[in-house]
Protein chains: 2
Amino acid sequence: MTDALQNFKAEFFKALAHPARIKIIENLRDAEKSVTELQALLGMDQSGVSQQLGILRAKGLIVARKNGTSVFYSIKDPLLFELLDKVRTIFNNHLIDTKDMLGQLENGPQPVTFAAVSSFGRELP
Amino acid sequence: MTDALQNFKAEFFKALAHPARIKIIENLRDAEKSVTELQALLGMDQSGVSQQLGILRAKGLIVARKNGTSVFYSIKDPLLFELLDKVRTIFNNHLIDTKDMLGQLENGPQPVTFAAVSSFGRELP
DNA sequence: AATAAGCATTCAAATATTATAATATTATAT
DNA sequence: ATATAATATTATAATATTTGAATGCTTATT
């Protein structure tokens, strides 16, 4: 794989690495939204919303359409939603794993393995 | 969508938001690798590799298997690769868009080189 | 022209991440 | 026991991101 593609991926994921930006994108699933609309939907102040939109726009994930004094944002590539859906599936898999682990706790002490290093989703002790 | 899922997505993408970590994951596509092997493949020093592995491990993207004095890492959920492949597709779509845009310039059709899209990720003018 | 609405940008403080070097741990071999 | 190889952790300086307040820019209305 080329360096350009690797860097693209890293930059792309960096654009998604913030709860507010995830929320914005999720709110653009069905239709474009103005900044004011998003502001209300996210419960954030105007400056914050505009800043996060600016980041998503700079990274090319969303596009802006200006109408009068309003700016309407929409997702550039709908594949983005498939991406988010895939992460949801991974999240569900994660839940199942956790459930399995919890189930095994009830079966009494288990042999101690290197699993101590592979704790899921939380910081190591 | 629940807050938990939104935060999971953001944390998940944060784990992927670094070129070195992308490289690590790509190198785990076909088989597990030891830290030393990854160190050689990435051209990074031991500490750096181990730290990035630690982040991926803490976020639950990879799992560790200890064998003697070596630790072998592998991807936990193969869906991760589908995720990366989808980003590659988005990258390709992005290239096509850029090519179209260049073609519409007044100067007439221009040779499209990869450098033409190297501006991805920088701030807007 | 003056005002207001809707957004974007700028700035600085707070926080988080990264890179580098040094040190610690663990398992194996001598 | 000591040494060595492989990996992990810690400390810290450098850098980047986030947050919140303030300011500036367009566009529409009066």
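Note: hydrogens, waters and symmetry copies are ignored here, and every other heavy atom, side chains too, is used. Just so it is clear: chains get the letters A, B, ... in the order the sequence lines come, proteins before strands, and each one is counted from 1.
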Inset, instruction - Using heavy atoms to find the nearest nucleotide of DNA chain D for A:Gly48 and A:Gly68 separately, return the residue whose nucleotide is more 5′. - result: A:Gly48

Legend entry - Side chain of A:Val35 - closest among D:dA8, C:dC11, C:dA8: C:dA8

Inset, instruction - Compare side-chain N and O positions of B:Ser70 against OP1 and OP2 of D:dT7 and report whether any pair is under 4.0 Å apart. - result: yes

Inset, instruction - Indicate yes or no: does A:Arg29 engage A:Glu26 in a salt bridge with an N to O separation below 4.0 Å. - result: yes

Inset, instruction - Spell out, as yes or no, whether a donor-acceptor pair under 3.5 Å connects the side chain of A:Ser70 to the backbone of A:Lys66. - result: no

Inset, instruction - Please tell me which of the listed nucleotides, D:dT19, C:dG6, C:dA19, lies nearest to the side chain of A:Thr36? - result: C:dG6

Inset, instruction - When you get a sec, tell me which of D:dA6, C:dA21, C:dA27 is the closest nucleotide to the side chain of B:Lys66? - result: C:dA27

Legend entry - Given C:dT26, C:dT18, C:dA5, the nucleotide with the shortest approach to the side chain of B:Arg21: C:dT18

Legend entry - Test item: side-chain donor near acceptor, B:Tyr73 and B:Arg57, under 3.5 Å: yes

Inset, instruction - For C:dT17, take OP1 and OP2 only and decide whether either is under 4.0 Å from a side-chain N or O of B:Lys14. - result: yes

Inset, instruction - Using a 4.5 Å cut-off on heavy atoms from C-beta on, say whether the side chain of B:Leu61 contacts that of B:Ile55. - result: no

Inset, instruction - Would you mind telling me which residue lines up with the more 5' stretch of DNA chain D, A:Ala20 or A:Thr69, judged by nearest nucleotide? - result: A:Ala20

Inset, instruction - Please determine if a side-chain N or O atom of B:His18 lies less than 4.0 Å away from the OP1 or OP2 oxygen of D:dT17. - result: no

Inset, instruction - Take the protein atom CG of A:Asn67 and the nucleotide atom P of C:dG6, then report the distance between them rounded to whole Å. - result: 13 Å

Inset, instruction - Verify the contact: side-chain N or O of B:Ser47 to OP1 or OP2 of C:dA21, cut-off strictly under 4.0 Å; return yes or no. - result: no

Inset, instruction - Grab the CG-P distance between B:Leu53 and D:dA6 for me, whole Å please. - result: 16 Å

Legend entry - Side chain A:Ser50 and base C:dT9 donor-acceptor under 3.5 Å: no

Legend entry - Plane angle bin for A:Phe8 and B:His94 - parallel if under 30°, tilted between 30 and 60°, otherwise perpendicular: tilted

Legend entry - Nearest listed nucleotide, side chain of A:Arg57, among D:dT18, C:dT9, C:dA21: C:dT9

Inset, instruction - Please determine if a side-chain N or O atom of B:Tyr73 lies less than 4.0 Å away from the OP1 or OP2 oxygen of D:dA6. - result: no

Legend entry - Length of the CD1-P vector between B:Ile55 and D:dT7, whole Å: 18 Å

Inset, instruction - Check whether any side-chain heavy atom of B:Leu41 sits under 4.5 Å from a side-chain heavy atom of B:Ile24, and report yes or no. - result: no

Inset, instruction - Return the value, rounded to whole Å, for the distance between atom CG of B:Leu16 and atom C1' of C:dT17. - result: 15 Å

Inset, instruction - Return yes if the base of D:dA8 and the side-chain atoms of B:Gln46 contain a donor-acceptor N/O pair under 3.5 Å, otherwise no. - result: yes

Inset, instruction - Could you tell me the separation between the CZ atom of A:Phe72 and the C1' atom of C:dA8, rounded to a whole number of Å? - result: 16 Å

Legend entry - B:Gln51 CD to D:dA11 P, straight-line distance once rounded to whole Å: 13 Å

Inset, instruction - Grab the CG-P distance between B:Asp45 and D:dT10 for me, whole Å please. - result: 18 Å

Inset, instruction - Please report, rounded to the nearest Å, how far the C1' atom of D:dA16 is from the CD atom of A:Glu11. - result: 11 Å

